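First up is the structure itself, then whatever we jot down about it.
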Amino acid sequence: MSNLLTLSDAIRTHLHQGDCVALEGFTHLIPFAAGHEIIRQEKRDLTLVRMTPDVIFDQMIGMGCAKRLVFSWGGNPGVGSLHRLRDAVEKHFPHPIEIDERSHAAMTVSYTAAAAGLPFGVMRGFLGSDLAQYNPNIKFIDCPFTGERLAAVPAIRPDVAIIHAQRADRAGNVHLWGIVGVQKEIALAARKVIVTVEEIVDDLDAPANACVLPAWVVTAVCHVPGGAAPSYAHGYYDRDNSFYQAWDEVSRDRENFQRWMRENVMDTVPVKGGA
Amino acid sequence: MSNLLTLSDAIRTHLHQGDCVALEGFTHLIPFAAGHEIIRQEKRDLTLVRMTPDVIFDQMIGMGCAKRLVFSWGGNPGVGSLHRLRDAVEKHFPHPIEIDERSHAAMTVSYTAAAAGLPFGVMRGFLGSDLAQYNPNIKFIDCPFTGERLAAVPAIRPDVAIIHAQRADRAGNVHLWGIVGVQKEIALAARKVIVTVEEIVDDLDAPANACVLPAWVVTAVCHVPGGAAPSYAHGYYDRDNSFYQAWDEVSRDRENFQRWMRENVMDTVPVKGGA
Amino acid sequence: MMSRKQSGFPSDESFSSDEKRGDAMVATPSEVMTVVAARMLQERTVCFVGIGIPSKAANLARLTHAPQAVLIYESGTIGTRPSVLPLSIGDGELALTADTVVSTSEIFSYWLQGGRVELGFLGAAQVDRYANLNSTVIGNYQSPKVRLPGAGGAPEIAAQAKETLIIINHDRRKLVEKVDFITSAGYLDGGDSRERAGLKTGGPTAVITDLCVLRPEFQTRELVVTQLHPGVTRQTVAEATGWDVRFAEDLTQTQVPSDLELSTLRELERQTALAHSNDAAGKTSLTRNNPTAEVTRP
Amino acid sequence: MMSRKQSGFPSDESFSSDEKRGDAMVATPSEVMTVVAARMLQERTVCFVGIGIPSKAANLARLTHAPQAVLIYESGTIGTRPSVLPLSIGDGELALTADTVVSTSEIFSYWLQGGRVELGFLGAAQVDRYANLNSTVIGNYQSPKVRLPGAGGAPEIAAQAKETLIIINHDRRKLVEKVDFITSAGYLDGGDSRERAGLKTGGPTAVITDLCVLRPEFQTRELVVTQLHPGVTRQTVAEATGWDVRFAEDLTQTQVPSDLELSTLRELERQTALAHSNDAAGKTSLTRNNPTAEVTRP
């Protein structure tokens, strides 16, 4: 083989302008390093997909990568607003973005439908909620057996899914654990999958029924230690809660934000690693 | 608490005449001891649910427990026919049984729909297959987004699900591993869940993201070492392949079968164990 | 009444430091709100918990009268017993202390939609007189005055938990006649409109604020004040409510938080602050070792 | 040709002991069938494998020319590399040697229906001239003459794998004009009827018997003989086929199994017999120890 690439090569080769790209990780294992590389490579017109946009999408939106946002909860967890997201939605800065807004449950149903090769998924939801009024991607169907009215949401099949995991072996098999979120689902939902990992090991030695992605479903594995910071990687490092708190101040002001991004993302050397 | 019971008490208390009962375990961890206890307690008019009826349902059907069978593959794995199942379907002995026949995939969709609280599940299937003609539980619906024709199957929500697992702790939390089949799904699909286990331990000490059923979703835990034999319990004992081969001869003849059941099941003392 | 921070959108669940401290054994309004919410979580209840005050209340209940309450967080942790409060919904602490950790999709399908959750705690930016919740926008959806974080897990918690409790700071901008946007259904237009919309669960049974408790009136489903917190007058509540709020005939007084409740709550907050300041200092509590043994210890 | 056991329903995939042995380096018809099936599994192919000859052929391919073929069994094992052949679809050997073991529902949803399977191996009691498969009943469904085991995973493998190979002993009762019951769709009534029924995948590309290989003819989709095994005549095939079978213009001869293919196959069978006789003697190869380390070693 192998599917081992540098992060820079993986993003350059596999993510194109205008793509639909999902970066998943539910608080845990958020692929920050990959998001920064996308910003550095100035990918534009992306449809960004993530249940919880978090600081990583705040940065990508603020830097002009996003044409459209598919999401379900766009706050800074435990802190407050995502100011760059709000600035884009409320004031169209740096440019307007389209919003495809759902609920957490609906996002997971869309991911699992795509992973299972189905065009849509069924859930009991959105009855009485205004979300369905504003989002044509939420429809209602009747159960053919009971007649019950249920919500239907279309599969989300990104061009590229990017996740962060704790480990891969040299063959490119990936193992993650702890709060595994929807990473397996989004990886199997997408056409291509890029995984950044803390560590490359000789033998995964994964426990029974662990969350493992076999190498043959992974487009690229990139060795990026610390690639989830300031979120956390269970067993490697903690969430940097102080960063999330500090981000509120950094991101409130456009120029302050841009300066921070220049100094901390744009002018930094891309993370090395890979084969 | 606790939910710890003897197998005999668990079956007596929680399984009633005429119930719909699923016994799952895909080759691995088949709850044979529980099936034998159902036979000994002469439960009748049961709707028996299992993807692969296997020898355990052959025995229960032959002993007259079944009114109806919901299944997807009714052979003796690696050997041939289930003769008691065939005798019931072909010759109505010991009495006629109704058949609700699906495919493996459809059974798993019905289980996961029930576990997820939905009245039905969607799959791409049964196009061109005669099964849909004979089974009113297979219908077709159109995707509200793409118009694609897909199969729909109703949720299967048994009154009781019975599974076998490797271990439980004293609080009644259950841990199984290896080929986990559809045990978690059927456990969460059913109204009541009985779990027989090889071992009761002080601390499950289960690995990250293991297949664990919390005590509060388990109606009864029964300590039944060897409860899966002649199938196997990964980490405890192997599948007794010679038994499965010998069963072909035992089960071919009605009287031979009945003698064997009398000697090996009916006249034996119920397995002790439990609280 | 004591000074109460009128916090704005959307960081309304954070606390000012003076509130956190309070006088020894004299509860702040926020503490009263948390204690009252905790009391409503009965022993052994399976509870779907959001971050912020819901998480604080649920863990206070677990550490006092409901040690066997089962807490589920949407990140996938079931039966979690955090020793400090998580700052985010997916903190490692939640995984380390859980009975089991499953995927987020499984949490919403098998556990919430599967009907296994008895009680859901919800917060919101707005709640209206029929207990509908808004966490989406202030103003118009297409060109919002304030873009709030959005739905998250709330619409399904509101629809699928057997009952829900709403926790919110009492403020005319928050308790409104009609929410700008129904993110999560309460009783919709009141009466049987919730049932007619196809919702099968009980809906909100209480709105707990830092001034009082409101409950849906039988039949009309309008929220009425059923319980006033210590030192709070009807007038204070009426002035802080965005509709002409009514008071129940059998209006009761909230029992003052006990020393045990308050000391447990404050100790939990102290430990939490300590742990998070350790995080900030770069110390690592999640040690790196064999993944096979590190998570999911009951 | 050599004696060939005309086995009945439904244990048609078991072998008589003389077949198993064979003469050194002279292949039995069953061995030829297995070797020919194995050759059709290309390196790195993701293959959904059933028990019996499909499993034997797939593992023979893995042990010879396709070491990186990915074998998936419906019991939930992905990337399994058994050292002996499983007797059942869920043998512990499959779990012990897999890259990962997932639930059976995940196998069918994310992996098979998800479109990740390139090749499916299928057996059946009957196959007809349009490659439809019957594994449900002989005779009438409601009052069958012979009740067969049923569908199992076959309908979805036939519908969702990008292509399928069918392995079956050649016999007039098995290769029939029209199957009694379509369990798994082949080309239905021929022509474009498969596509018109909404099936999106390629369907069966070969039927491999112990006499020959049949492939669907372009456009009509009727199975025609494209390849004869060593020593087999057209007449033998015609007499053993339940319809007026046609032969391709460019009919070829099956290459005799190589010494490597045969010796690998026989060693695999020998190891399998040995392992299963150990089982019978009550010996335990799956030792009991820490569950965290015992399964899923790649």
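Proteins get letters first, then strands, A, B, ... in listed order; numbering begins at 1 in each. From a predicted model like this one, the values you see are computed outputs, not experimental measurements.
With a threshold of 4.5 angstrom between heavy atoms, Gln183(A) does not approach chain C through any atom at all. Within the 4.5 angstrom heavy-atom criterion, atoms from both the backbone and the side chain of Ser75(C) approach chain A. Residue Met123(A) touches chain C through both its backbone and its side chain, counting heavy-atom pairs closer than 4.5 Å. Proximity to chain A (any heavy atom under 4.5 Å) is restricted, for Lys145(C), to the backbone atoms N, CA, C and O. Only the side chain of Phe71(A) comes within contact range of chain C, with at least one heavy atom under 4.5 Å from a heavy atom of that chain. When heavy atoms are compared at a cutoff of 4.5 Å, Ile99(A) approaches chain C solely by way of its side chain, counted from C-beta outward. For a residue to count as touching a neighbouring chain, one of its non-hydrogen atoms must lie under 4.5 Å from one of that chain's; by this rule Leu199(C) touches chain A with backbone and side chain alike.
Here the OG atom belonging to Ser103(C) is positioned 12.0 Å from the CD1 atom belonging to Ile179(A), to the nearest 0.5 angstrom. The OG1 atom of Thr104(C) sits 8.0 Å away from atom CD of Glu185(A), with the distance rounded to the nearest 0.5 Å. A distance of 4.0 Å separates CD in Glu101(A) from CZ in Arg147(C), rounded to the nearest 0.5 Å.
Comparing Pro77(A), Ala246(A), Gly74(A), Gly75(A) by heavy-atom pairs within less than 4.5 Å of chain C, the highest count is held by Gly74(A). In terms of heavy-atom pairs under 4.5 Å with chain C, the best-connected choice from Gln245(A), Arg102(A), His104(A), Gln166(A) is His104(A). Contact count against chain C (heavy-atom pairs under 4.5 Å) is highest for Leu131(A) among Asp248(A), Leu85(A), Leu131(A). Highest contact tally toward chain A, considering only Ser109(C), Gly152(C), Gly150(C), Ser135(C), is held by Gly152(C) [criterion: heavy-atom pairs under 4.5 Å].
Side-chain N or O atoms of Ser129(A) include one that pairs as donor or acceptor with a backbone N or O of Thr183(C) at under 3.5 Å.
For a heavy-atom cut-off of 4.5 Å, chain C lies close to Tyr134(A), Glu148(A) in residues 132-151 of chain A. By a heavy-atom distance cut of under 4.5 Å, not one residue of residues 52-62 of chain A is near chain C. Residues of residues 153-162 of chain C lying under 4.5 angstrom from chain A, judged on non-hydrogen atoms, are Gly153(C), Pro155(C), Glu156(C), Gln160(C) by number.
Annotation for Gly198(C) and Leu127(A): closest pair O-CD1, 3.6 Å, computed over non-hydrogen atoms. Of all non-hydrogen atoms in Ala151(C) and Trp73(A), the two that sit nearest each other are C-CD1, 4.3 Å.
Val89(A) has its side chain within reach of Pro144(C): a pair of non-hydrogen atoms, C-beta onward, lies under 4.5 Å apart. No side-chain heavy atom of Val101(C) sits less than 4.5 Å from a side-chain heavy atom of Val180(A).
Within a 6.0 Å radius of CD in Glu177(C), other residues, nucleotides and ligands contribute more than 12 heavy atoms.
In terms of the salt bridge (Lys or Arg N to Asp or Glu O under 4.0 Å) criterion, residue partners of Glu106(C) (sequence neighbours excluded) are, by chain and number, Lys184(B).
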